[in-house]
Peer 1: 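Take a look at the following structure, please.
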Amino acid sequence: MVRDWETRRAMKILTRPFRGMPAAGAGRQPYVSGGERVFSLVLGEKAIRWQIPAGYRIEVHGHAFVLTNRRSRRLAEVTIQADAPVRLRSAGAETPLSPGSNEVTLSGSAGTGTSIAVAGGTLRVIDRGVGEEGGEWRIWNGQRSLTYCLEEPLSEHGKSTLCVAFSAISAPYDFTYNYKSSLAKVDAYRLYILDNFGSQGSYYYADNRDTGIFDAVQSFLLEMSSELGIGPDGMVFLGSSKGGTAALSHGLQLGAARIVAGAPQSYPGTYLSGASPGMLSFIAGDSDNESIDWLDQLIPNAVSNAQGNPHITVVVGDNDSHKHVHIEPLMKLAADAGLSIQTLVIKDLSHQDIGAAFGPYLEAALQEEFFSGADLLPYRLTRRDDAEDMVQFKLWLPPGEEAAIEVRTSHSRIFSTDYSAETFFVVQAPENEGVQATVTRRRENTEVGRFTTVWLQSKS
């Protein structure tokens, strides 16, 4: 629990630029256990500036920032809504939780209507560990500031590949990343970029139709890939839902070698008009039909202006409306543009469950031996925590398919099945030997593919 005196002091620091202005909520619970004050104003020629005293740290996002004490305890926050593009920036910040910055500025075009909420105690911005002291997250300052994490390859060989992960939509002010654990064993540079603009993100694209966010991401990726010595032929862009849409738009623009997208929105305007009208208004400036149409052009324009010919894989559930509304039109767009695209449909999978299959697919598909394998399906081969001599194998099948499974060690076959629609198996296996599985796929009594998993290493 944040102590009251710390909250009171933090609130005073964050409301100081608005001294003398009326604030909603000021008479209800001023500074006691935090509370909230909301200031409605019109931006002028000069930026709004928060001077942060020594001893505090600031966790900065696109349209919000959090004030913490030197022990990283979160005290109070500022969240911003505007009717035109605005830019929040921390002077000199190189990490999300920056002790060296003593000023935060908010700027935008003169006349921009802005609502600024200052809250203490219970905060809207979710703590996802992005601002942990000594953590791995960094800030790139360009046309827009971007928060990112770059993980090193597992070997020298992996330094030729850069995997870029884009995030899906989360709850308001829950700025997080996806598929970090799924990519942990991938031998490549692994780059995660937060979409921490507005309250739920921007599709890495726009703020009130200002596409400076998209341009900033492109500039950052070009700069990062240049520093790492990796060209487009070594770049893999990935993500699901909103993240899949961003992987497509940015990957096609940069000519990435490979794009792996889970249930992306080919028409994000149409999707947001039902799922999140507020997010649509933030990106497109309104939620009317014209704004929907404007945002719906993101992917068709990216496809028609694609650089190179990336290998595109789309994973989608058979129970996901995206299959008909977004993926089938994407297939036609890609075919008309002469792009290479493969769609993998998974049985009994809905949109909200896409991560359950997409994470395992990434973990397997980005291993070198599977880099372009069309026969691969999502799977997990793991040892049971409660019995080290038991392994479990989970497989995700397309509708209408059966699979025959064979599990073996380096010396012998230890388990096999006939063709069936079963997708989960528990197998006794020597704990001191590696194990791998071979999956043979069949549809209508005809073999349609086969793949062998990577080795599951022994416990010893």
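One is the number of the first residue; the rest follow in order along the sequence. These numbers come from the heavy atoms of this one structure, side chains and all, not from hydrogens, waters or symmetry mates.
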Peer 1: Please give me the minimum heavy-atom distance between M279 and S202, naming the atom from each residue.
Peer 2: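 Closest approach of M279 to S202, heavy atoms only: CE-N, 4.3 Å.
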
Peer 1: According to side-chain contact (heavy atoms from CB on, under 4.5 Å), who are the partners of S107, at least two apart in sequence or on a separate chain?
Peer 2: A47, R87

Peer 1: N69 and side-chain hydrogen bond (donor to acceptor under 3.5 Å, both in side chains): which single residue from R57, E6, R9 fits?
Peer 2: E6

Peer 1: Can you see which heavy atom on S170 is nearest to which on T176, and at what distance?
Peer 2: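 Taking S170 first and T176 second, the nearest heavy atoms are OG-CG2, 3.3 Å.
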
Peer 1: Are side-chain heavy atoms of I80 and T114 found at a separation under 4.5 Å?
Peer 2: yes

Peer 1: Does the pair K159 and E156 meet the rule for a salt bridge (Lys or Arg N to Asp or Glu O under 4.0 Å), with working shown?
Peer 2: CA-CA 6 Å; K159 292 185 176 180; E156 284 294 315; 3.0 Å; yes

Peer 1: Just so I know, are the side chains of I299 and P264 near enough to count as touching, which here means a heavy-atom distance under 4.5 Å?
Peer 2: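 Answer no - side chains too far apart.
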
Peer 1: Hey, could you give me the CD1/OG1 distance between I259 and T313, rounded to the nearest 0.5 Å?
Peer 2: 9.5 Å

Peer 1: Among F175, Y56, W50, find the one that has a ring-ring contact (aromatic ring centres under 6.0 Å, His included) with F65.
Peer 2: W50

Peer 1: Please report the interatomic distance OH(Y173) to OG1(T79), rounded to the nearest 0.5 Å.
Peer 2: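 Result: 4.0 Å between the selected atoms.
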
Peer 1: Short question: side chain of S160, backbone of H157 - any donor-acceptor pair under 3.5 Å?
Peer 2: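 Between the backbone of H157 and the side chain of S160 there is a qualifying donor-acceptor contact (under 3.5 Å).
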
Peer 1: May I ask you to test the I13-I52 pair for a side-chain heavy-atom distance under 4.5 Å?
Peer 2: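 Side chain of I13 against side chain of I52, heavy atoms only: contact under 4.5 Å found.
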
Peer 1: Any side-chain to backbone donor/acceptor pair from S219 onto A216? Under 3.5 Å, distance only.
Peer 2: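 Checked: no pair found.
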
Peer 1: List in chain and number order the residues that pass side-chain contact (heavy atoms from CB on, under 4.5 Å) with A84, two or more places apart in sequence or in another chain; answer none if no residue qualifies.
Peer 2: T112

Peer 1: So, do F214 and Y204 have ring centers that fall under 6.0 Å from each other?
Peer 2: no

Peer 1: Does the ring center of W137 lie less than 6.0 Å from the ring center of Y177?
Peer 2: yes

Peer 1: Check whether any side-chain heavy atom of Q392 lies under 4.5 Å from a side-chain heavy atom of R380, and answer yes or no.
Peer 2: no

Peer 1: Please report the interatomic distance CG(L376) to CD(Q342), rounded to the nearest 0.5 Å.
Peer 2: 9.0 Å

Peer 1: Would you check, one step at a time, whether the test side chain to side chain contact (heavy atoms under 4.5 Å, CB included) holds for L228 with I230?
Peer 2: CA-CA 6 Å; L228 299 176; I230 298 173; 4.0 Å; yes

Peer 1: For residues 290-310, pull every pair meeting ring-ring contact (aromatic ring centres under 6.0 Å, His included), keeping only residues two or more places apart or in separate chains.
Peer 2: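 Sorted pair list: Y205-W294.
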
Peer 1: List the atom of C163, the atom of V186, and the distance in Å for their closest heavy-atom pair.
Peer 2: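 Closest approach of C163 to V186: SG-CG1, 4.3 Å.
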
Peer 1: Do H63 and Q81 make a side-chain contact, defined as non-hydrogen atoms from C-beta onward lying under 4.5 Å apart?
Peer 2: no

Peer 1: Which distance, rounded to the nearest 0.5 Å, do you find between the NZ of K46 and the CG of L106?
Peer 2: 15.5 Å

Peer 1: Would you say CD of E401 has more than 12 non-hydrogen atoms from neighbouring residues, nucleotides or ligands within 6.0 angstrom?
Peer 2: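 It does: E401 CD has more than 12 such atoms within range.
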
Peer 1: Centres of the F197 and H61 rings: under 6.0 Å?
Peer 2: no

Peer 1: With sequence neighbours excluded, tell me which residues meet side-chain contact (heavy atoms from CB on, under 4.5 Å) with E227.
Peer 2: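 Partners of E227 by the side-chain contact (heavy atoms from CB on, under 4.5 Å) criterion, ordered by chain and then number, come out as E223, M224.
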
Peer 1: Excluding sequence neighbours, so at least two apart, what forms side-chain contact (heavy atoms from CB on, under 4.5 Å) with L123?
Peer 2: V66, R74, E77

Peer 1: Would you say that T68 contacts R73 through its side chain, given a criterion of any heavy-atom pair below 4.5 Å between the two side chains?
Peer 2: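 Answer no - side chains too far apart.
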
Peer 1: Under the salt bridge (charged side-chain N to carboxylate O under 4.0 Å, His left out) rule, what pairs show up with a residue in residues 141-152, not counting sequence neighbours?
Peer 2: R144-D207, E151-K180, E151-R190

Peer 1: So, using side-chain hydrogen bond (donor to acceptor under 3.5 Å, both in side chains) as the criterion, who are the partners of Q200 when residues are at least two apart?
Peer 2: S276

Peer 1: Name all pairs fulfilling the salt bridge (charged side-chain N to carboxylate O under 4.0 Å, His left out) condition that reach into residues 264-280, sequence neighbours left out, sorted by first residue then second.
Peer 2: none

Peer 1: With a 4.5 Å heavy-atom cut-off, do L191 and L221 have their side chains touching?
Peer 2: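 Answer yes - side chains close enough.
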
Peer 1: Locate the shortest heavy-atom distance separating A261 from F358; write the atom from each residue and the value.
Peer 2: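 Taking A261 first and F358 second, the nearest heavy atoms are C-CE1, 3.6 Å.
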
Peer 1: Let me have the donor-acceptor pairs involving side chains of residues 233-248, under 3.5 Å, with sequence neighbours excluded, atom names and distances please.
Peer 2:
from	atom 1	to	atom 2	distance (Å)
S240	OG	Y179	OH	2.7
S241	OG	Q265	NE2	2.9
S241	OG	H351	NE2	3.0
K242	NZ	S167	O	2.9
K242	NZ	D195	OD2	2.9
T245	OG1	S241	O	3.4
T245	OG1	Q265	N	2.8
T245	OG1	Q265	O	2.9

Peer 1: Do you know the tightest heavy-atom contact between L183 and A165?
Peer 2: CD1-CB, 4.4 Å

Peer 1: Write out all pairs satisfying side chain to side chain donor-acceptor pair (under 3.5 Å) with one or both partners inside residues 297-310, taking only residues at least two apart or from two chains.
Peer 2: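 Qualifying pairs: none.
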
Peer 1: One thing to verify: whether R128 and E59 come together as a salt bridge, which I'm taking to mean a side-chain N less than 4.0 angstrom from a carboxylate O.
Peer 2: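 Salt bridge absent between E59 and R128.
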
Peer 1: When you compare the side chain of S115 with that of V38, does any pair of heavy atoms fall below 4.5 Å?
Peer 2: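 A side-chain contact under 4.5 Å exists here.
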
Peer 1: Report the C-alpha separation of V164 and Y192 in whole Å, then their side-chain angles, then the decisive distance to 0.1 Å, and conclude whether the side chain to side chain contact (heavy atoms under 4.5 Å, CB included) test is met.
Peer 2: CA-CA 6 Å; V164 183; Y192 305 87; over 6 Å; no

Peer 1: Aromatic contact between F220 and Y148, with the criterion being ring centroids under 6.0 Å apart: yes or no?
Peer 2: yes

Peer 1: Using modelled atom types only, decide if a donor and an acceptor are shared between the side chain of T15 and the backbone of M11 within a distance under 3.5 Å.
Peer 2: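 It does hold such a pair.
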
Peer 1: With rounding to the nearest 0.5 angstrom, report the CD1 to OG1 distance, I341 to T343.
Peer 2: 5.0 Å

Peer 1: Determine, stepwise, if the pair N102 / Q51 fulfils side-chain hydrogen bond (donor to acceptor under 3.5 Å, both in side chains).
Peer 2: CA-CA 6 Å; N102 58 9; Q51 300 296 330; 5.5 Å; no

Peer 1: Sequence neighbours left out, what pairs pass salt bridge (charged side-chain N to carboxylate O under 4.0 Å, His left out) with at least one residue falling in residues 266-288?
Peer 2: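 Of all non-adjacent pairs touching residues 266-288, none passes salt bridge (charged side-chain N to carboxylate O under 4.0 Å, His left out).
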
Peer 1: Is the side chain of S145 donor-acceptor paired with the backbone N or O of N141 at a distance under 3.5 Å, no angle test?
Peer 2: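 Not confirmed, S145 side chain does not pair with N141 backbone.
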
Peer 1: Compute whether any side-chain donor of one residue and acceptor of the other, for D320 and S350, lie under 3.5 angstrom apart.
Peer 2: no

Peer 1: Suppose we screen for side-chain hydrogen bond (donor to acceptor under 3.5 Å, both in side chains). Which residues come up paired with D318, at least two apart in sequence or across chains?
Peer 2: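 For D318 the side-chain hydrogen bond (donor to acceptor under 3.5 Å, both in side chains) partners, ignoring immediate neighbours, are K323.
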
Peer 1: Run E290 and R209 through salt bridge (Lys or Arg N to Asp or Glu O under 4.0 Å) and show every step you take.
Peer 2: CA-CA 12 Å; E290 195 272 334; R209 300 204 187 188; 2.4 Å; yes

Peer 1: Identify the heavy atoms of I292 and S273 that sit nearest to each other, and give their distance.
Peer 2: CD1-CB, 3.5 Å

